Enquirer: 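Submitted below is the structure of interest, expressed as structure tokens.
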Amino acid sequence: QVQLVESGGGLVQAGGSLRLSCAASGGTFSNYALGWFRQAPGKEREFVAAIDGLGANTYCGDSVTGRFTISRDNAKNTVYLQMNSLKPGDTAVYFCAAERRGPLTAATTAGPYEYWGQGTQVTVSS
């Protein structure tokens with residue numbers, strides 16, 4: 001059983017930056033692909049970014065490509081989401097998710113992810 005705890009959310013002005021962290025426990029961290037998803041009120045959960053178990057391959061959603069970067073530190077059992085040039089449309093609850101899978105791929109849809117954090121609120125003001 002993997003536990004995920006997100007942190008780093010908050011209120012930021014448009015154009016600003018935030019870095020989210022997700023600390024994992026309960027499993028061999030490098031065996032898991034990690035993903036970030038977000039959900040705004042009244043909207044479906046949206047894929048943001050994912051990274052494979054070794055950190056060799058990353059994937060980003062179309063709406064955040066060029067602004068958000070996902071990374072991981074397997075020594076610290078932590079995955080990060082660096083968010084730059086934030087827009088009001090980025091306002092959402094951001095969730096970290098983990099999926100046990102082979103080392104060089106990561107899913108870009110929510111279905112395969114087995115473990116989820118409780119989420120952290122990101123609010124971008126205009």
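A quick note: this is a predicted structure, and the numbers were derived from the prediction, not measured. Below, each value reflects all heavy atoms present in this structure, side chains not excepted, and no hydrogens, waters or symmetry copies.
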Enquirer: Please report the interatomic distance SG(Cys96) to CG(Leu20), rounded to the nearest 0.5 Å.
Expert: 9.5 Å
Enquirer: Got Tyr94 and Met83 here, is their nearest side-chain heavy-atom distance under 4.5 Å?
Expert: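 Yes; the side chains approach each other to less than 4.5 Å.
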Enquirer: State whether the number of non-hydrogen atoms from other residues, nucleotides or ligands found under 6.0 Å of Gln121 atom CD is greater than 12.
Expert: yes
Enquirer: Rounded at 0.5 Å granularity, tell me how far OH in Tyr32 sits from CZ in Arg101.
Expert: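 Output value for this atom pair is 13.0 Å.
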Enquirer: After noting the C-alpha distance and the side-chain angles of Lys76 and Phe29, does the key distance pass the side-chain contact (heavy atoms from CB on, under 4.5 Å) rule?
Expert: CA-CA 9 Å; Lys76 295 183 178 179; Phe29 191 61; over 6 Å; no
Enquirer: Taking the ring centre of each residue, are Phe68 and Trp36 less than 6.0 Å apart?
Expert: no
Enquirer: Under 3.5 Å, is there a donor-acceptor pair linking the side chains of Ser30 and Asn74?
Expert: no
Enquirer: Set out, in order, the CA-CA distance, both residues' side-chain angles and the distance that settles side-chain contact (heavy atoms from CB on, under 4.5 Å) for Leu18 and Leu86, then state yes or no.
Expert: CA-CA 8 Å; Leu18 280 175; Leu86 282 161; 4.2 Å; yes
Enquirer: Do Val93 and Trp116 share a hydrophobic cluster (ILVMFWY, side-chain heavy atoms under 4.5 Å, transitive)?
Expert: yes
Enquirer: Is it the case that one hydrophobic cluster holds both Val64 and Ile51, taking links as side-chain heavy atoms less than 4.5 Å apart, direct or via other members?
Expert: yes
Enquirer: Atom OG1 of Thr109 and atom CD of Glu99: how far apart are they, to the nearest 0.5 Å?
Expert: 8.5 Å
Enquirer: Checking the side chain of Thr91 only, and the main-chain atoms of Thr123 only, is there a donor and an acceptor separated by less than 3.5 Å?
Expert: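 Such a contact is absent between Thr91 side chain and Thr123 backbone.
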Enquirer: Out of curiosity, does Phe95 fall in the hydrophobic cluster containing Val2 (side-chain heavy atoms, cut-off under 4.5 Å, transitive links)?
Expert: no
Enquirer: Please report the closest heavy-atom contact between Ala50 and Ala107, naming both atoms and the distance.
Expert: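 In terms of heavy atoms, the two residues are closest at CB-O, 3.5 Å.
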Enquirer: Measuring from atom SG of Cys22 to atom CD of Glu6, what distance do you get when rounded to the nearest 0.5 angstrom?
Expert: 5.0 Å
Enquirer: Within this structure, what is the CZ-SG distance for the pair Phe47 and Cys60, rounded to the nearest 0.5 Å?
Expert: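 Here the rounded value is 6.5 Å.
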Enquirer: Within 45° of the six-membered ring axis of Tyr80 and under 6.0 Å from that ring's centre, is NZ or CZ of Arg19 located there?
Expert: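 Yes.
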Enquirer: At their closest point, which heavy atom of Ala24 faces which heavy atom of Leu4, and how far apart are they?
Expert: CB-CD2, 3.6 Å
Enquirer: Compare all side-chain heavy atoms of Ser7 with those of Val5 and state whether any distance is below 4.5 angstrom.
Expert: no
Enquirer: Enumerate the residue pairs fulfilling side-chain hydrogen bond (donor to acceptor under 3.5 Å, both in side chains) with a member in residues 54-71, sequence neighbours excluded, ordered by first and then second residue.
Expert: Arg38-Ser63, Glu46-Ser63, Asp52-Asn57, Arg67-Asp90
Enquirer: State the CD-CD1 distance between Gln82 and Ile70, to the nearest 0.5 angstrom.
Expert: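 If we round to the nearest 0.5 Å, Gln82:CD and Ile70:CD1 are 12.0 Å apart.
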Enquirer: Indicate, with yes or no, if Phe37 and Val124 share a hydrophobic cluster defined by side-chain heavy-atom contacts under 4.5 Å among Ile, Leu, Val, Met, Phe, Trp and Tyr.
Expert: no
Enquirer: May I ask whether Val48 and Leu34 are part of the same hydrophobic cluster, defined by side-chain heavy atoms of I, L, V, M, F, W, Y residues being less than 4.5 angstrom apart, directly or through others?
Expert: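 In one cluster: yes.
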